[in-house]
Each structure stands twice: as C-alpha cells, then as structure tokens.
Amino acid sequence: AAEFFYLDKFVLVAAGGSVHMYTYGLDALDAGNDLQRLQGQGRYKSVLEFEHGANAVTSFACCNSLLSHLVVSAASNRTVQVLDAAVGSVVRVIRDAHQRPVHAVALPSPSPHVALE
C-alpha cells in the first residue's frame with residue numbers, strides 16, 4: 001500500500017512490518033519527446049521508517065488534504081499504532097485492538113471549508 005502524505009510532499013509505503021516515508025522529485029521533461037517522458041526520470045529519498053514489530057503492516061491511513069503529521073497503522077499482530085511523522089516516533093500503541101488482525105484503517109477526509117466543532 002502507498003499513499004501521498006502532508007499535502008503531497010511525502011509518499012508513505014507499507015513494506016513488510018514497517019511503514020516507510022519518502023520524499024520524491026519529478027523532473028520536468030519535454031512533452032514532445034515520448035522516449036524521455038517514459039523513462040521515468042525522478043528521484044526519491046528515505047526520510048523515516050516506523051517499525052511495527054509484526055510480520056506485515058496490513059493497513060495505514062493519513063490525511064493528505066491538510067497539514068497533519070499523524071499516521072494510523074495496523075499490523076498482523078493485532079496492534080494499531082498512531083505515528084507522529086514530525087517527531088519520528090510512535091505516539092500511541094493499541095495492543096489487541098481486535099480479535100483478529102485489523103485489515104483496514106480509515107480516516108475521514110476533512111475539507112478546509114468545514115470546521116468540526
């Protein structure tokens with residue numbers, strides 16, 4: 001699984017038992033040259049890695065439409081973690097969150113035009 005994060009400044013990727021955060025950059029290419037455009041020019045750099053302590057991260061969710069630094073992830077060992085990307089650490093661990101491994105985590109899609117009160 002992969003998602004854009006923090007207003008498209010980062011990409012989050014779940015691989016194995018961890019969630020990885022990458023920065024990325026895409027090169028502006030001449031649209032008239034199809035060969036160069038299809039070569040996939042770009043670069044990425046690993047910024048953070050959150051170990052979950054499980055065999056596999058089954059799901060994660062983050063808000064990309066606003067500047068939120070929190071990520072919620074679930075793993076095969078039935079734990080749910082709240083990750084703080086600004087600090088680079090785990091904020092909260094919920095052990096045995098369910099009787100079976102959690103397969104989906106979802107967050108609401110907030111709008112900048114609506115205030116929650």
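Not measured: the values here are computed from a predicted model. Heads up: numbering here begins at 1 and tracks the sequence.
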Are Val47 and Leu67 co-members of a hydrophobic cluster defined by side-chain heavy atoms under 4.5 Å apart? yes
CE (Met21) and CG (Leu83) are apart, to the nearest 0.5 Å, by 10.0 Å
Decide side-chain hydrogen bond (donor to acceptor under 3.5 Å, both in side chains) for Ser73 and His52; before the verdict, give the C-alpha distance in whole Å, the side-chain angles of both, and the deciding distance to 0.1 Å. CA-CA 9 Å; Ser73 66; His52 217 296; 3.0 Å; yes
List the steps and the verdict of side-chain contact (heavy atoms from CB on, under 4.5 Å) for Val19 and Val13. CA-CA 6 Å; Val19 176; Val13 178; over 6 Å; no
Minimum heavy-atom distance Ala61-Glu3, with the two atoms named: CA-OE2, 4.1 Å
Tell me whether Val105 is reachable from Val90 by hopping between hydrophobic residues (I, L, V, M, F, W, Y) whose side-chain heavy atoms are closer than 4.5 Å. no
For Tyr44 and Tyr22, take the angle between the two ring planes, folded into 0 to 90°, and tell me which bin it lands in: parallel under 30, tilted 30 to 60, perpendicular over 60. perpendicular
Could you check whether any side-chain N or O of Thr79 sits under 3.5 Å from a backbone N or O of Arg95, counting only pairs where one atom can act as donor and the other as acceptor? no
If you define the side chain from C-beta out and look only at heavy atoms, does anything of Cys62 sit under 4.5 Å from Phe5? yes
With hydrophobic residues grouped by side-chain heavy-atom distances under 4.5 Å, do Val87 and Leu48 end up in a single group? no
Distance col, row Arg78:CZ vs His98:NE2, nearest 0.5 angstrom, shows 10.5 Å
The reported gap from CD1 in Ile94 to CD in Gln81 (rounded to nearest 0.5 angstrom) is 9.5 Å
Looking only at heavy atoms, what is the nearest atom pair of Gly53 and Asn77, with distance? O-ND2, 3.3 Å
Once side chain to side chain contact (heavy atoms under 4.5 Å, CB included) is applied, do any residues pair with Asp8, and if so which ones, sequence neighbours excluded? Phe4, Tyr24, Asn64
Hey, could you give me the CG/OH distance between Leu66 and Tyr6, rounded to the nearest 0.5 Å? 10.0 Å
Is the side chain of Ser68 donor-acceptor paired with the backbone N or O of Cys63 at a distance under 3.5 Å, no angle test? no
Side-chain heavy atoms under 4.5 angstrom apart, residues restricted to Ile, Leu, Val, Met, Phe, Trp, Tyr: same cluster for Val102 and Val72? yes
Please check if the number of heavy atoms outside Asp84 that lie under 6.0 Å from its CG is greater than 12. yes
So, the side chain of Thr58 versus the backbone of Ser76: is there a donor-acceptor pair under 3.5 Å, distance only? no
Determine, using the 4.5 Å side-chain heavy-atom cutoff (strictly less than), whether Phe10 and Leu12 are members of one ILVMFWY cluster. yes
